[in-house]
Every structure is written in structure tokens, then in C-alpha cells.
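Working notes for the structure below.
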Amino acid sequence: MEAGLPAERLTHSGAPRPGTGIVHLGLGAFFRAFGCVYIADAMASGGGDWGIVGVSLRSPDTRNALSPQGWAYNSVTLGPDGEKARVIEVLNDVLVAPKNPEAVLSAMADPGVKIVTLTVTEKGYCHNPATGRLNADHPDIRHDLEDALPVSAVGYLVRALQRRRDAGLAPFTVLTCDNLPENGKLVRGLVLDFARLLDPSLASWIEAETRFPSTMVDRITPATTDADIARVEELTGRHDAAPVMHEPFAQWAVEDDFVGGERPDLAAAGAEMVSDVTAHEHMKLRMLNGTHSSLAYTGYLAGHETIAATVADPVYADFVRQLWSEIIPTVEAPSGVSLDAYADALFDRYANPAVRHRTWQIAMDGSQKLPQRLLGTLRENLDAGRASPALYLAVAAWMRYVGGIDEAGGAIEVKDPLAAHLRELSDAADTPADTVAALLAVDDIFPPELAARLQQPVTQAAELLWAKGARKAVQETTA
Ligand code: CS2
């Protein structure tokens with residue numbers, strides 16, 4: 001490219017657009033780097049009208065960036081030896097829910113739409129992370145029970161299913177792609193909880209007619225930065241206002257349980273269609289997300305900016321291996337998978353220096369992540385009488401992190417729906433033991449019976465962490 005000349009803008013190629021078969025709620029970078037790519041591949045090989053209408057539940061930024069590009073964007077693979085860009089043209093439109101909830105509901109109630117996919121993050125389900133049940137006191141849920149134009153994902157699902165039932169249409173399949181255990185079952189429970197409060201006959205119809213397959217999704221996708229946008233422009237010669245950046249690896253295991261069997265040919269795109277995804281989900285949530293969060297809190301406190309930088313520190317490389325040795329005894333391997341080989345592959349993925357995945361990004365929303373990433377593993381180890389020093393340290397590091405002050409006395413920008421409450425509890429505590437006691441009492445995260453069993457070992461880890469700092473504590477815990 002000649003310096004000084006503005007780059008040509010990326011636009012839609014003009015290839016015929018498929019009809020819309022999918023509405024996606026929560027159009028973040030992850031789904032554009034993952035689900036959209038699988039669905040583009042599935043259509044390339046098996047055809048079908050599986051174009052996607054994306055919905056942003058909060059901000060108009062993605063819509064504003066993609067609209068002038070005709071909804072096309074680059075999916076950029078961050079290989080250890082270079083970047084490769086591919087244009088994805090699978091979006092037919094992007095809607096901004098708060099601006100036009102009616103348009104979202106009518107898209108979801110369109111007879112051509114067979115599937116609603118979701119990536120709304122853990123907190124987007126408005127549930128109690130400790131129990132997995134709908135939080136009926138959540139302000140968004142209270143709003144959605146009163147008002148036919150919803151704001152929450154669960155509200156959109158139920159109100160759109162209500163329209164379909166009233167119009168005599170079949171329901172859509174609800175395909176959640178968030179990192180929650182048995183995510184299909186979970187969202188089914190939340191949808192039914194909400195529908196029962198709204199209209200019990202609707203709940204019975206949903207229960208009988210709708211399908212909620214569980215899925216395990218995996219592709220590391222750091223947030224796109226301005227520097228990424230500039231590099232992609234250099235790489236492709238065209239300006240893309242919203243590329244997505246991701247590692248080469250991708251894995252999607254999907255329960256093959258769709259309304260009327262209608263779905264894209266995901267297997268042709270490399271997805272594993274299975275009858276029960278629980279083993280895949282447990283393995284991934286505990287071994288990947290569990291270590292991700294552990295590295296994020298302990299690594300951030302030691303000043304490591306990214307996961308790659310964290311595991312390049314030999315002390316942390318040993319720590320993550322120790323974590324896997326504590327986690328693996330609780331994981332049942334999916335058939336044909338070696339958990340040791342899975343851990344080795346994860347290490348290589350973390351170490352990829354081209355993926356600049358910030359510890360701060362992963363540290364976000366810990367209150368919503370801890371139960372499925374760390375606490376289930378800890379409970380099973382406690383039941384079996386197995387020691388888990390590295391996992392206790394990870395929980396203690398989360399407690400230190402949500403206190404909002406780093407080891408050099410600087411402020412931490414803690415992003416979490418419970419941030420203010422956690423900070424208050426932490427500020428009121430004088431010692432590491434007090435901090436641990438106060439935070440373990442938050443029963444949205446820690447069921448009381450588990451909290452009681454965590455008290456002593458997490459306090460011990462916290463005392464080490466407060467006294468020695470994260471890096472030293474990691475080192476001593478691993479030795
Ligand atoms: C990460 C995940 O941000 C996080 O909490 O642990 O987004 C992780 O990168 C993906 O689940 C990988 O598939």
C-alpha cells in the first residue's frame with residue numbers, strides 16, 4: 001500500500017446471500033470468529049439457507065462498524081508463524097436490540113428461522129451461578145415479565161417463542177454457545193422458569209416442542225485492538241473496521257438434537273455431532289477455562305499482561321502443569337481423548353505468542369465463572385480427599401484481585417456484575433483470613449456447605465499470597 005492513501009474499504013463481494021435461518025443473540029468477537037466460520041463452511045459444503053441475523057444486546061458498535069462493509073469482515077488466524085485473513089460473509093443483517101426490540105422479536109419469529117444461537121456471556125443468562133436457577137429478582141427479568149419488549153436474552157427467547165406458538169409455527173432450536181456446564185440444559189431451565197411465571201401453558205408448549213442441545217465451544221479469541229485493525233489493513237490492503245483475531249485451533253461439539261432435525265451440515269465443517277456433550281464440556285471448562293482463570297488472576301497480580309507472557313514465565317509453566325494434575329482426576333475423558341495430550345495441546349495454545357490474550361480480559365466476571373471453572377473441581381477433590389493447593393491459590397488470587405488493588409498499590413479495573421459488593425466486603429476485612437471469610441459468604445458464588453470446607457485451605461493460600469506476592473506464592477505452591 002502507498003503511504004498516505006486511505007486503504008480501500010472491505011465490502012461484501014456481491015455473492016448471492018443465503019436466506020436467513022439463524023438469529024444470533026450477543027454478536028461479539030467470539031461468535032464471529034467461531035460459529036459464523038463453521039456456518040460459512042457448512043453452507044459452502046452442504047448449502048442451505050443458514051444466513052445469520054446478528055443481534056447486539058447492548059451497544060451499536062458492531063452494527064456501526066459492519067454496516068458500511070455489507071456485514072462482511074475478516075476472520076484472522078494468528079498462527080505462531082504468521083497471520084492469515086479470510087473474509088466471512090454469512091451475516092445478513094445486524095440488529096441493535098435496545099434500539100429496536102420489535103425488529104429482533106420479528107426476526108426471531110420469522111418462519112424461515114430455525115435456530116437461535118447465543119453467546120451472551122455467563123452473566124447474560126440472569127441466573128444464580130451457584131444454583132443454575134433463574135434470578136427472578138434480576139432487574140432485567142423483572143422488566144421482561146412486565147413488558148412484552150424484552151431486554152434480557154431469556155426474555156427474548158420466551159417472547160419470541162410465544163409469538164411463534166400464537167402464530168401456529170414450530171419453535172426454533174435454542175443453541176447456546178457460552179462456557180457454562182450443560183449449557184443447553186441450563187438455558188432450558190431458565191427459559192422454562194421464565195415462561196412459567198409468564199404463562200404456564202406456554203411453558204408446557206416449550207417443554208414439549210423446543211430443543212436445547214448443549215454444546216462445547218472452543219477457540220481463543222482475544223478482543224480486537226486498534227493495532228490489530230491497522231495490521232489487518234496492512235495484510236489485506238483493505239480497511240476492515242471490525243476484524244476478529246483468533247488462534248488456529250477450533251473445536252465444536254454439538255448435541256444432535258434440533259427441532260425437526262433442521263440444522264446446517266455442521267459435521268461437514270468439522271464439528272463433532274454427539275448424543276451427549278457433558279464429557280467434552282467438563283473437560284474443556286475445567287482444563288481450559290479453569291486454568292485460564294487461574295493464570296489470569298495469579299498472572300495479572302504478578303504483572304503479566306497476557307496468557308502467553310504468563311506461561312513463558314517458568315514458574316507459571318510449572319504452575320499450570322500442577323493445576324492440570326489437580327484437575328485431571330475429576331475429568332472423565334471423552335471417548336478417544338487422552339487428557340494428558342489435551343493438556344499438552346492446551347499448553348502449546350497458551351504459549352502461542354501471536355495470541356495476545358490479556359489476563360485482564362479473562363479475569364472479567366469471575367463471580368460468574370468460578371463455580372463451573374474451579375469450584376466443581378475443588379468439591380470433587382475434597383470429596384475424594386485429594387489435595388488441591390494450586391486451585392486454592394487460584395481462588396485466593398481471585399479474592400485478592402476483586403479487592404481492586406494490585407501488589408504495587410495500583411488500582412485494578414475490576415469488571416464484574418458483583419464488583420461493588422465484592423470490593424465493599426474486601427475493604428471491610430482487615431486480614432487475609434477475614435477477606436476469605438467475607439468472600440466465601442457470598443452465596444451467589446459459593447454454596448454455604450462448600451464455603452465451610454474451603455475456609456481453612458483458601459485462608460492458608462491467601463496468607464501465603466498476601467505475605468509473599470503472587471509469583472512467589474505460585475512458586476512455593478508448585479514446588
Ligand atoms: C476465557 C475464554 O475469557 C475467558 O474467560 O477463558 O473466553 C476462552 O478463551 C474460551 O473459552 C476458549 O474457547
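Note that ligands are numbered from 1 as they come in the structure, with each ligand's atoms numbered from 1 the same way.
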One finds that the ligand 1 atoms under 4.0 Å from a non-hydrogen atom of H357 are 9 (O)
For A345, which residues count as a side chain to side chain contact (heavy atoms under 4.5 Å, CB included) partner, sequence neighbours excluded? none
Which word best sums up how the rings of H24 and F31 line up, parallel for under 30°, tilted for 30 to 60°, or perpendicular for over 60°? parallel
Are the charged groups of R286 and E380 less than 4.0 angstrom apart, N to O? yes
Between K415 and D365, does any NZ, NE, NH1 or NH2 come within less than 4.0 Å of an OD or OE carboxylate oxygen? no
Flag the pair F34 / H246 as yes when their ring centroid distance falls below 6.0 Å, and as no otherwise. no
Quick one: look up the protein heavy atom nearest [atom] and list residue, atom name and how far away it is.
atom	answer
atom 11 (O) of ligand 1	K284 NZ, 2.6 Å
atom 6 (O) of ligand 1	H292 ND1, 2.8 Å
atom 2 (C) of ligand 1	N289 ND2, 3.6 Å
atom 12 (C) of ligand 1	D218 OD1, 3.3 Å

Looking at D140 and S152, what are the two nearest heavy atoms and their distance? CB-CB, 4.0 Å
Contact check: T221 vs ligand 1, nitrogen or oxygen atoms, below 3.5 angstrom: no
Any idea which part of R373 is under 4.0 Å from ligand 1, heavy-atom wise: side chain, backbone, both or neither? side chain
Just heavy atoms, cut-off under 4.0 Å: does N179 contact ligand 1 by side chain, backbone, both, or neither? side chain
